[in-house]
Amino acid sequence: MTTTVEEQQHTLRVLDPSGDSKTMWNPENQDEIDGAKKVFSTMKKKGYLAYTVNADGTQGEVISDFDPKAGAIIMAPQLVGG
Amino acid sequence: MADREVVTWSQVGKTATFANSYRLTTGSNTTTGTYAYVWDTWNETAATTISVNNNINYINNQVWMSWSTGNDPWEVPRNRAPARFCSQPADDDEDDFREESVEEMAERQREAERARIEAQRMRAERSRLIEERRERLREARATATALLMTMLTPEQAEQWQDREYFEVEVESGNRYRLHKGYAGNVRLLGDDDHEDEALCCHPSMQVYDGGDYVGELPVEDAVIAQLLALRADEESFRRIANITVYRARRVQRPALPEMNLDPDQVREQGARIREALEGQNLAA
């Protein structure tokens with residue numbers, strides 16, 4: 001069974017004032033992995049938290065390091081008490 | 001003649017000159033006379049003695065100075081020689097007095113027109129920027145809503161669309177209701193679906209890139225961040241949150257051990273206890 005290009009694409013979404021910024025990478029393309037990893041590292045330095053999302057849309061776990069095999073990652077700002 | 005006369009704001013900006021009397025010029029026509037300005041003429045184009053079309057060349061700047069210094073702006077000493085137009089400082093030297101020339105008046109009017117056009121342009125620009133910002137926010141909220149929908153079950157999505165909240169059960173068994181909002185929008189539900197607590201824990205809504213303000217996080221993104229954090233680590237969420245208790249939860253006491261007592265055995269035991277007590281004659 002062959003997978004489509006879209007199915008091969010993994011996504012990293014960062015919540016921001018535009019809604020969210022999406023970065024996609026193909027796990028078989030090192031350049032794309034490096035690009036996504038750079039975005040991940042940048043946002044982690046700003047204090048963002050990273051959560052994996054499973055293929056069925058359910059939430060995975062909190063990750064501290066970029067996982068190129070993760071299907072979808074959502075990065076959100078840290079929470080503060082109000 | 002009185003030492004002072006009342007002048008009106010309607011004269012400021014018009015072109016009139018006067019000393020003890022007034023001189024009005026309309027084109028090439030010049031008329032003179034004396035009259036009292038009245039308050040009714042303020043901001044009105046009609047005047048008791050001055051036509052709106054009259055080309056009245058300004059006023060004693062003492063009036064303007066009075067305005068800016070808090071003095072009575074309506075009374076101007078008659079014996080003060082009018083100085084230049086109100087933008088210039090007061091000058092007591094009568095020798096400096098001269099009427100504004102037609103050319104100067106025309107230039108002043110042109111300058112006023114330029115200022116009016118510039119103000120109009122700036123208002124239009126401001127309106128355009130405001131509308132652009134609103135459009136960006138609309139698009140951002142649509143994007144954020146689309147992402148939120150991918151994280152909800154069909155029931156939760158329906159709740160969100162109908163009532164602008166949805167309910168989620170976390171690992172501990174606690175159920176939370178997440179209302180649409182930035183702060184204080186997370187509620188802990190009791191068994192009867194009553195909102196027992198309000199939890200205020202949210203991402204910072206203003207987003208900065210270094211020191212530069214980037215924009216505001218859409219409210220739907222705030223809810224996504226809260227949902228992710230609640231599901232991942234409820235304990236940390238509750239530790240960070242500012243919690244308002246609406247209804248204290250009952251403390252569950254440990255259940256009593258079950259006591260399976262045979263009634264006959266209880267009666268028999270009671271009889272033996274009574275015999276033993278009678279033998280001891282405790283009543284005496």
Side-chain angles (χ1 to χ4, degrees), chain A residues 3-25 35-67 69-82, chain B residues 133 136-153 168 170-171 181-186 198-210 213-218 220-233 236-244:
Chain A
T3 55
T4 65
V5 172
E6 288 172 352
E7 288 171 338
Q8 290 177 340
Q9 292 291 334
H10 297 217
T11 58
L12 166 63
R13 291 177 185 268
V14 178
L15 303 185
D16 61 20
S18 70
D20 61 83
S21 301
K22 190 163 72 172
T23 304
M24 301 173 75
W25 76 94
K37 190 174 180 181
K38 187 177 178 184
V39 172
F40 185 94
S41 302
T42 302
M43 301 316 295
K44 283 296 286 182
K45 283 179 186 169
K46 292 182 180 179
Y48 277 56
L49 300 173
Y51 306 86
T52 57
V53 178
N54 299 325
D56 57 358
T58 57
Q59 185 169 333
E61 55 183 3
V62 178
I63 57 174
S64 55
D65 297 311
F66 179 70
D67 180 5
K69 294 191 179 63
I73 301 173
I74 297 178
M75 298 192 78
Q78 278 201 1
L79 302 186
V80 295
Chain B
R133 181 178 176 274
R136 279 198 305 271
L137 190 59
R138 274 194 290 267
E139 290 176 1
R141 290 193 64 182
T143 303
T145 300
L147 178 59
L148 177 62
M149 291 298 109
T150 65
M151 302 173 64
L152 303 180
T153 63
V168 58
V170 295
E171 207 172 310
Y182 289 112
N185 59 311
V186 180
L199 292 87
C200 190
C201 184
H202 55 83
S204 176
M205 301 318 300
Q206 279 73 38
V207 178
Y208 290 84
D209 186 3
Y213 176 71
V214 178
E216 191 174 285
L217 210 63
E220 289 80 6
D221 273 351
V223 174
I224 290 173
Q226 291 165 335
L227 175 62
L228 290 169
L230 256 182
R231 283 176 176 170
D233 190 350
S236 294
F237 187 96
R238 291 184 64 85
R239 194 166 52 244
I240 295 170
N242 190 2
I243 299 177
T244 303

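Computation of the quantities below employed the complete heavy-atom set of this structure, encompassing side-chain atoms and omitting hydrogens, waters and symmetry-equivalent molecules. Quick caveat, the model's predicted, so the values are computed rather than measured. In what follows, chains carry the letters A, B, and so on, assigned in the order in which the sequence lines appear, proteins first and then strands, with residues in each chain numbered from 1.
- Of the atoms belonging to B:Leu227, it is backbone heavy atoms, and not side-chain ones, that fall under 4.5 Å from chain A.
- Using non-hydrogen atoms only and a strict 4.5 Å limit, the part of residues 70-77 of chain A facing chain B consists of A:Ile74, A:Ala76, A:Pro77.
- Both the backbone and the side chain of B:Ala225 come within contact range of chain A, judged by heavy atoms closer than 4.5 Å.
- For the set B:Ala142, B:Ala229, B:Ala241, B:Gly184, the entry with the most heavy-atom pairs within less than 4.5 Å of chain A is B:Ala229.
- Both the backbone and the side chain of B:Ile240 come within less than 4.5 Å of a heavy atom in chain A.
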Which side chain or backbone donor-acceptor pairs connect chain A with chain B at less than 3.5 Å?
from    : atom 1 : to       : atom 2 : distance (Å)
A:Lys46 : NZ     : B:Asp209 : OD1    : 3.2
A:Gln59 : NE2    : B:Leu228 : O      : 2.8
A:Val80 : N      : B:His202 : O      : 2.8
A:Val80 : O      : B:His202 : N      : 3.0
A:Gly82 : N      : B:Cys200 : O      : 3.0
A:Gly82 : O      : B:Asn242 : ND2    : 2.8

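- The shortest distance between side-chain heavy atoms of A:Val62 and B:Leu228 does not fall below 4.5 Å.
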